[in-house]
Amino acid sequence: MNKKQVTTEHHHFPWDHPRFRSWIAVGRACQLMQQTLTRRLAHLDVKPPHLDILINLYRFDGITQQELARKLLVGRSNMSMLLPQLETRGLIQRRGDARDKRVLRLSLTAAGRTLTEEAMEIQTALIENSLGGAPIDDCMKIAESMERIIAKLLKEDDELS
């Protein structure tokens, strides 16, 4: 048997792949961060998908629904479910675009801005609590690695679409 066959056979199972531990660690860390954030936001009646929307509207007032969906990597159907929930609660408002009547612009209401600021304090505390002991250089290396993975997956997804 040649070396290539041994390597291929060795990687037949995901757990035999030398990068499997990284794969699992990233997935578990993401899952646990989402679960923890969900618990800490529960008293505000805000779930992470809602928070993603609120934070983006906080940062990018007047963004369109399509731009928001693209930033959050979600489809229009997800936006169509989440935005009315936030609108009904009086946290966001949709208004027509002055130049293009087909476009709706999204903004936070005063109540939405207040709630988003409170939720961001919780999220920032969680970030500090979970990553505060890690050197900034290590955090930046992790971010760069994850951004490369994201770009690769997005490119592959675009090529398949």
Side-chain angles (χ1 to χ4, degrees), residues 19 22-132 134-161:
R19 291 176 176 88
S22 293
W23 171 271
I24 292 297
V26 168
R28 286 182 54 92
C30 183
Q31 190 173 35
L32 287 169
M33 288 293 275
Q34 287 294 318
Q35 289 172 355
T36 304
L37 184 59
T38 298
R39 278 193 310 277
R40 294 193 182 170
L41 292 172
H43 72 283
L44 298 176
D45 193 25
V46 173
K47 293 179 176 54
H50 296 124
L51 182 59
D52 289 342
I53 291 169
L54 294 170
I55 287 175
N56 272 279
L57 296 183
Y58 191 93
R59 291 184 69 198
F60 307 106
D61 182 55
I63 193 172
T64 68
Q65 188 169 323
Q66 185 176 9
E67 291 166 334
L68 180 61
R70 204 172 20 248
K71 281 185 175 299
L72 298 178
L73 304 174
V74 298
R76 281 190 227 170
S77 60
N78 280 3
M79 283 288 118
S80 297
M81 288 174 29
L82 295 170
L83 292 176
Q85 295 170 4
L86 296 171
E87 197 170 28
T88 299
R89 289 181 60 190
L91 301 176
I92 68 166
Q93 61 185 2
R94 296 188 247 194
R95 55 182 168 25
D97 185 277
R99 286 173 273 181
D100 187 343
K101 299 298 178 201
R102 299 168 296 174
V103 174
L104 289 175
R105 300 272 171 196
L106 303 169
S107 296
L108 292 174
T109 62
R113 191 164 191 78
T114 299
L115 182 75
T116 302
E117 288 171 351
E118 191 174 342
M120 287 190 301
E121 285 181 29
I122 292 167
Q123 185 182 39
T124 302
L126 178 57
I127 292 168
E128 182 58 32
N129 184 47
S130 45
L131 298 173
I136 294 294
D137 287 346
D138 289 357
C139 291
M140 296 312 290
K141 286 176 188 170
I142 292 168
E144 289 164 5
S145 293
M146 294 300 104
E147 288 164 355
R148 280 192 302 274
I149 291 169
I150 291 165
K152 180 178 171 61
L153 293 172
L154 286 173
K155 183 179 179 204
E156 289 174 7
D157 192 42
D158 284 346
E159 290 170 358
L160 293 174
S161 299

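In this text the structure is predicted, and so the values were computed from the model without any measurement.
- Applying the salt bridge (Lys or Arg N to Asp or Glu O under 4.0 Å) rule to Arg70 yields no partners; only residues at least two apart in sequence or on another chain are considered.
- Side-chain contact between Gln85 and Ile53 is absent, with no heavy-atom pair separated by less than 4.5 Å.
- Among residues two or more places apart in sequence or in another chain, the salt bridge (Lys or Arg N to Asp or Glu O under 4.0 Å) test is passed with Arg99 by none.
- Taken to the nearest 0.5 Å, the CE atom of Met120 stands 10.0 Å off from the CG atom of Leu115.
- Looking at heavy atoms from C-beta onward, Leu108 lies out of side-chain contact with Asp61 at the 4.5 angstrom threshold.
- In this structure, Thr116 and Leu91 have side chains that are not in contact, with every pair of non-hydrogen atoms separated by 4.5 Å or more.
- Every residue was checked against the salt bridge (Lys or Arg N to Asp or Glu O under 4.0 Å) condition with Glu118, not counting sequence neighbours, and none meets it.
- Looking at heavy atoms from C-beta onward, Leu68 lies out of side-chain contact with Val74 at the 4.5 angstrom threshold.
- Under the rule for a side-chain hydrogen bond (donor to acceptor under 3.5 Å, both in side chains), Arg113 has no partner lying at least two apart in sequence or in another chain.
- Phe60 is linked by a side-chain contact (heavy atoms from CB on, under 4.5 Å) to Asn56, Ile63, Lys71, counting only residues two or more places apart in sequence or in another chain.
- For the side-chain contact (heavy atoms from CB on, under 4.5 Å) test, residues two or more places apart in sequence or in another chain that qualify with Arg94 are Gln65, Leu83, Pro84, Glu87, Leu104, Leu106.
- Taking every heavy atom of both residues into account, Pro48 and Gln34 meet most closely at CB-OE1, 3.0 Å.
- Annotation: salt bridge (Lys or Arg N to Asp or Glu O under 4.0 Å) contacts of Glu156 (sequence neighbours excluded): Lys152.
- Here salt bridge (charged side-chain N to carboxylate O under 4.0 Å, His left out) pairs that include residues 31-57, with residues two or more places apart or in two chains, are Asp45-Arg89.
- The line from OG1 of Thr124 to CD of Glu117 is 11.5 Å long, rounded to the nearest 0.5 Å.
- A side chain to side chain contact (heavy atoms under 4.5 Å, CB included) with His50 is found for one member of Leu44, Ile55, Leu82, Leu41 and no other, namely Leu82.
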Enumerate donor-acceptor pairs with a distance under 3.5 Å from any side-chain N or O in residues 136-147 to protein atoms, sequence neighbours excluded.
residue, atom, partner, partner atom, Å
Ser145, OG, Lys141, O, 3.1
Ser145, OG, Arg148, NH2, 3.2

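- With sequence neighbours excluded, no residue satisfies side-chain hydrogen bond (donor to acceptor under 3.5 Å, both in side chains) with Arg59.
- Looking at residues two or more places apart in sequence or on another chain, you find no side-chain contact (heavy atoms from CB on, under 4.5 Å) involving Thr114.
- At most 12 heavy atoms of other shown residues, nucleotides or ligands fall within 6.0 angstrom of atom CD in Gln66.
- Residues passing the side-chain contact (heavy atoms from CB on, under 4.5 Å) test with Met33 are Leu126, Ser130, sequence neighbours excluded.
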